[in-house]
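Every number for a ligand or one of its atoms is a count from 1 in the order of the listing.
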Amino acid sequence: MKNDARLFVISAPSGCGKGTILSRVFADIDVYYSVSCTTREPREGEEDGVHYHFLTDEQFKAMIEEDGFLEYAEFVKHSYGTPKQPVLDSLAAGRDVVLEIETQGAFQIKEKMPEAVLIFILAPSVREIRRRLYKRATEEAEVIENRVAKASEEIAKALRYDYVVMNDELEQAVADFETVYRAAKSGDGSADSFKTDREEIINMINEVLENA
Ligand code: ADP
Ligand code: 5GP
């Protein structure tokens, strides 16, 4: 039997709305949604083993030594990593895998697994990202400002992804993300307008950076 399972790697600066979009898109699609390990504290409502595996620094280091991660990186003073085995098992079983990770990890994956599909979600401006993070109110102001400071750095790497989806109006972003997902699966050209070799996409990324 042909195994056409794909690995999807999705990044966006914190506050761009990737959690919101992905929970909508993948609510009715059978994919393996990877649960990462992190050394950061759980936010209110986050459950160990569901949203993340919350590890101590020592436990995280032990996972690195056991070669247990497909990729791992530091992000705003904490470590994050993707447990390797469940991803490989899902792909081998023919099930698509979704990783929601930051840019350093995404590029580690692309290097190891060039057939992975990298999708970047953008918001209209850094100002809007800050507004959304304060509205979400899951972090203190200092943490929010650290994440906002990191946003431009992350957005500047969007051109190295395969596709970019803008999350300005949520319903449109969900529809666009679905188009990209289905096109990447089928290999047709229906999502070519979201590819990063398009002049419109390059201009859009530059505009977001200029709107900082
Ligand atoms: P991320 O997972 O990228 O950190 P979230 O999905 O948690 O981001 O979204 C951050 C905040 O922005 C949430 O409060 C969410 O409800 C809000 N949000 C998401 N998409 C939009 C949008 N298109 N317009 C306005 N607010 C949005
Ligand atoms: P948060 O603390 O907001 O949950 O996540 C912070 C950042 O870390 C986000 O950009 C998120 O996508 C990223 N992230 C989450 N899990 C992983 C992971 O396993 N590896 C990497 N490299 N980044 C991750």
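Protein heavy atom in closest approach to atom 20 (N) of ligand 1: Asn167 ND2, 3.0 Å. With respect to atom 18 (N) of ligand 1, the closest heavy atom belonging to the protein is Arg132 CD, 4.0 Å. Taking atom 8 (O) of ligand 1 as the reference point, the nearest protein heavy-atom neighbour is Gly17 N, 3.2 Å. Looking only at protein heavy atoms, the nearest one to atom 2 (O) of ligand 1 is Gly19 N, 2.9 Å. Of the protein's heavy atoms, Thr20 OG1, 2.5 Å lies nearest to atom 6 (O) of ligand 1.
For ligand 2, the polar-atom distance check against Glu102 finds a nitrogen or oxygen pair separated by under 3.5 Å. In terms of N/O distances under 3.5 Å, ligand 1 is not approached by Arg131. The shortest N or O to N or O distance between Gly15 and ligand 1 is below 3.5 Å. When only interatomic distances are considered, the shortest N/O to N/O separation between Tyr80 and ligand 2 falls below 3.5 Å. Polar contact with ligand 2: present for Glu100 (N/O pair, distance under 3.5 Å). Annotation: Phe75 places no N or O atom under 3.5 Å from an N or O atom of ligand 2; distance criterion only.
Contacts of Asp168 with ligand 1, taken as heavy-atom pairs under 4.0 Å, involve the backbone alone. Contact annotation: for Gln104 versus ligand 2, there are no heavy atoms closer than 4.0 Å. Only the side chain of Arg43 comes within contact range of ligand 2, with a heavy atom under 4.0 Å; no backbone atom does. Using a 4.0 Å cut-off between heavy atoms, Arg40 contacts ligand 2 through its side chain alone, with no backbone atom that close. Of the heavy atoms in Tyr52, only side-chain atoms (C-beta onward) come closer than 4.0 Å to ligand 2.
Looking at Lys135, Glu128, Arg24, it is Lys135 that brings a heavy atom closest to atom 17 (C) of ligand 1.
The ligand atoms of ligand 1 that sit less than 4.0 angstrom from a heavy atom of Ser14 are 4 (O). Atom numbering of ligand 2 starts at 1 in the shown order; those under 4.0 Å from a heavy atom of Glu71 are 18 (C), 19 (O), 20 (N), 21 (C), 22 (N). Applying the 4.0 Å criterion to heavy atoms of Ser36 picks out, from ligand 2, the atoms 16 (N), 17 (C), 18 (C), 19 (O). Close approach to Arg147 involves these atoms of ligand 2, each under 4.0 Å from a residue heavy atom: 1 (P), 2 (O), 3 (O), 6 (C).
Through direct or indirect side-chain contacts shorter than 4.5 Å among Ile, Leu, Val, Met, Phe, Trp and Tyr, Phe69 is connected to Leu55, Phe60, Met63, Ile64, Tyr72.
Between Phe26 and Tyr33, the two ring planes are perpendicular [angle over 60°; tilted spans 30° to 60°].
Within the structure, ligand 2 lacks Gln108 among the residues with a heavy atom less than 4.0 angstrom away. Ligand 2 is never approached by Glu154 to a heavy-atom distance shorter than 4.0 Å.
Aromatic pair Tyr181/Tyr163: centroids not less than 6.0 angstrom apart.
Side-chain polar atoms of Glu210 and Asn206 form no donor-acceptor pair below 3.5 angstrom.
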